[in-house]
**Q** 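Handing you a structure now.
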Amino acid sequence: MARDLAIDLGTANTLVYMKGRGIVLNEPSVIALNRQTGEVLATGREAWQMIGRTPGYIVAVRPLRGGAITDFEITERMIRLLLQRVGVSRFTRPKVVICVPSAITEVERRAVTDAARRAGAADANLIEQPMAAAIGADLPIDEPVGNMVIDIGGGTSETAVISLGGIVSLEAVRVGSFDIDAAIQNHVRREHGIAIGERTAEEIKVAIGSADPTQDENQAEVRGRDLMTGLPKTVLLTPEEIRFAIEDVISSIVASVVRCLSKAPPELSQDFLVRGMYLVGGGGLLRGLAERIERETEVPVRMSNVPLEAVVLGAGHVIEHYEALKGMFMGARR
Amino acid sequence: MLIAIIVAIVVVLVLVIVVARVVRGRQDPVDSFRRQIDALSPEARRPTIDQVRDAAEDSGETDADDS
């Protein structure tokens, strides 16, 4: 008998929760393929290490961008391999709940459920990421009070107000931490004339990136390829210039939070001042982001205890109480 | 005669299944909402969250042992 699964199919990482067991897989959403034969060479962490370091015939790709499937066939293969790794076979077909961005289109929804069914799921249902995040972050969403959750992922940022088990207002933008990495890459290329890979850009973000000035700021030495000479070159980056480089992305995320706040009913708005907003997702770990949102909205921002696992934990709870909570699936509500 | 009995049993079984599905499909919305809210309560969520927390603590201890 197959154990049912909850999958957080993120742009950056994929997490799998198995009913009765907890989180059984947490790996980057990357797959490495042989370009000539189409053969899968690696997935997850192993494939992630190959990004930007492969010979011409190998390509390491992220099949999801902006929270949406960009390559249906590759995504299906990745889901199939993930399910195999957690013990799903042709004879054990589990029910699967998949977390997706709330803003995905009908076509994208169908693509995700079809991919899961073809990959071995007996039944596939979708749940909105902010809703799953609120359940996983242990917010009191069963009560008639305003709970606000901000989920900043690799490709999307979503803000939702939840009360009595349902989404009251929602705002989503297809901007996330990968856009921060891309902004850093562009800045280094434009201002310093060197090319860096996406993994280096991510390292810069983690080392000195911030959304608001912070204490203990350090400079970072970065190595890349000089665009003029083609030779390796080292430059020194400051936190101020990285803040400037990522400002557009940060402004866009903060603006979506403000829009969500302005759409919330006034009775719930007053709850936020007392209870605050909860930040989840890997993007929420950017230094100074909570302070920046707090400064611009004048609402306290709190970090979830489990920012990276909140979404899959929420979906995992749904799979544990499948019958009672199946009304929360996308398309189930009227 | 035997075939007729088997057919009759099958028809009755199919009818029972169809009726059961229709009845289950027509759940009282109030009851269904209440069950959903109960399943979202902190008490209901505790086992899921504790399960993951325990696993994280166990792996932390294992890591510490390894190092």
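Numbered from 1 within each chain, the chains take letters A, B, ... in sequence-line order.
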**Q** Can you tell me if CG on B/Asp38 sees more than 12 non-hydrogen neighbours from other groups inside 6.0 Å?
**A**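 It does: B/Asp38 CG has more than 12 such atoms within range.
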**Q** Is B/Arg34 atom CZ crowded by more than 12 heavy atoms from other residues, nucleotides or ligands, each under 6.0 Å away?
**A**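 Count not over threshold, so no.
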**Q** Any heavy-atom pair between the side chains of A/Asp142 and B/Pro42 that's under 4.5 Å?
**A**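 A side-chain contact exists here, since the closest heavy-atom pair is under 4.5 Å.
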**Q** If I compare all heavy atoms of B/Thr48 with all of A/Tyr17, which pair ends up nearest, and what's the gap?
**A**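 Residues B/Thr48 and A/Tyr17, closest heavy atoms: CG2-OH, 3.3 Å.
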**Q** Checking side chain to side chain contact (heavy atoms under 4.5 Å, CB included) between B/Leu40 and each of A/Leu325, A/Ile162, A/Leu164, A/Val318, which is the one that passes?
**A**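 Passing option: A/Leu325.
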**Q** In terms of heavy-atom pairs under 4.5 Å, which option from B/Arg45, B/Arg46, B/Gln36 contacts chain A the most?
**A**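 Heavy-atom pair counts peak at B/Arg45.
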**Q** About how many Å separate CD1 of B/Ile37 and CD1 of A/Ile141, when rounded to the nearest 0.5 Å?
**A**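 Here the rounded value is 8.0 Å.
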**Q** For the OG atom of B/Ser32 and the CD atom of A/Glu323, what is their distance to the nearest 0.5 Å?
**A**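 Rounded to the nearest 0.5 Å, the OG-CD separation comes to 10.5 Å.
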**Q** Below 3.5 Å, can you tabulate the donor-acceptor pairs from side chains in residues 263-274 of chain A to any protein atom, sequence neighbours excluded?
**A**
{"residue": "A/Lys263", "atom": "NZ", "partner": "A/Leu170", "partner atom": "O", "Å": "2.7"}
{"residue": "A/Lys263", "atom": "NZ", "partner": "A/Glu171", "partner atom": "OE1", "Å": "2.8"}
{"residue": "A/Glu267", "atom": "OE1", "partner": "A/Gln270", "partner atom": "NE2", "Å": "3.3"}
{"residue": "A/Ser269", "atom": "OG", "partner": "A/Pro265", "partner atom": "O", "Å": "3.3"}
{"residue": "A/Asp271", "atom": "OD2", "partner": "A/Gly146", "partner atom": "N", "Å": "2.8"}

**Q** Decide if atom CG of B/Leu15 counts as having more than 12 heavy atoms of other residues, nucleotides or ligands within a radius under 6.0 Å.
**A**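 It does: B/Leu15 CG has more than 12 such atoms within range.
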**Q** Under 4.5 Å, heavy atom to heavy atom, which residues of residues 309-317 of chain A contact chain B?
**A**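 The residues closer than 4.5 Å to chain B, in numerical order, are A/Leu313, A/Gly316, A/His317.
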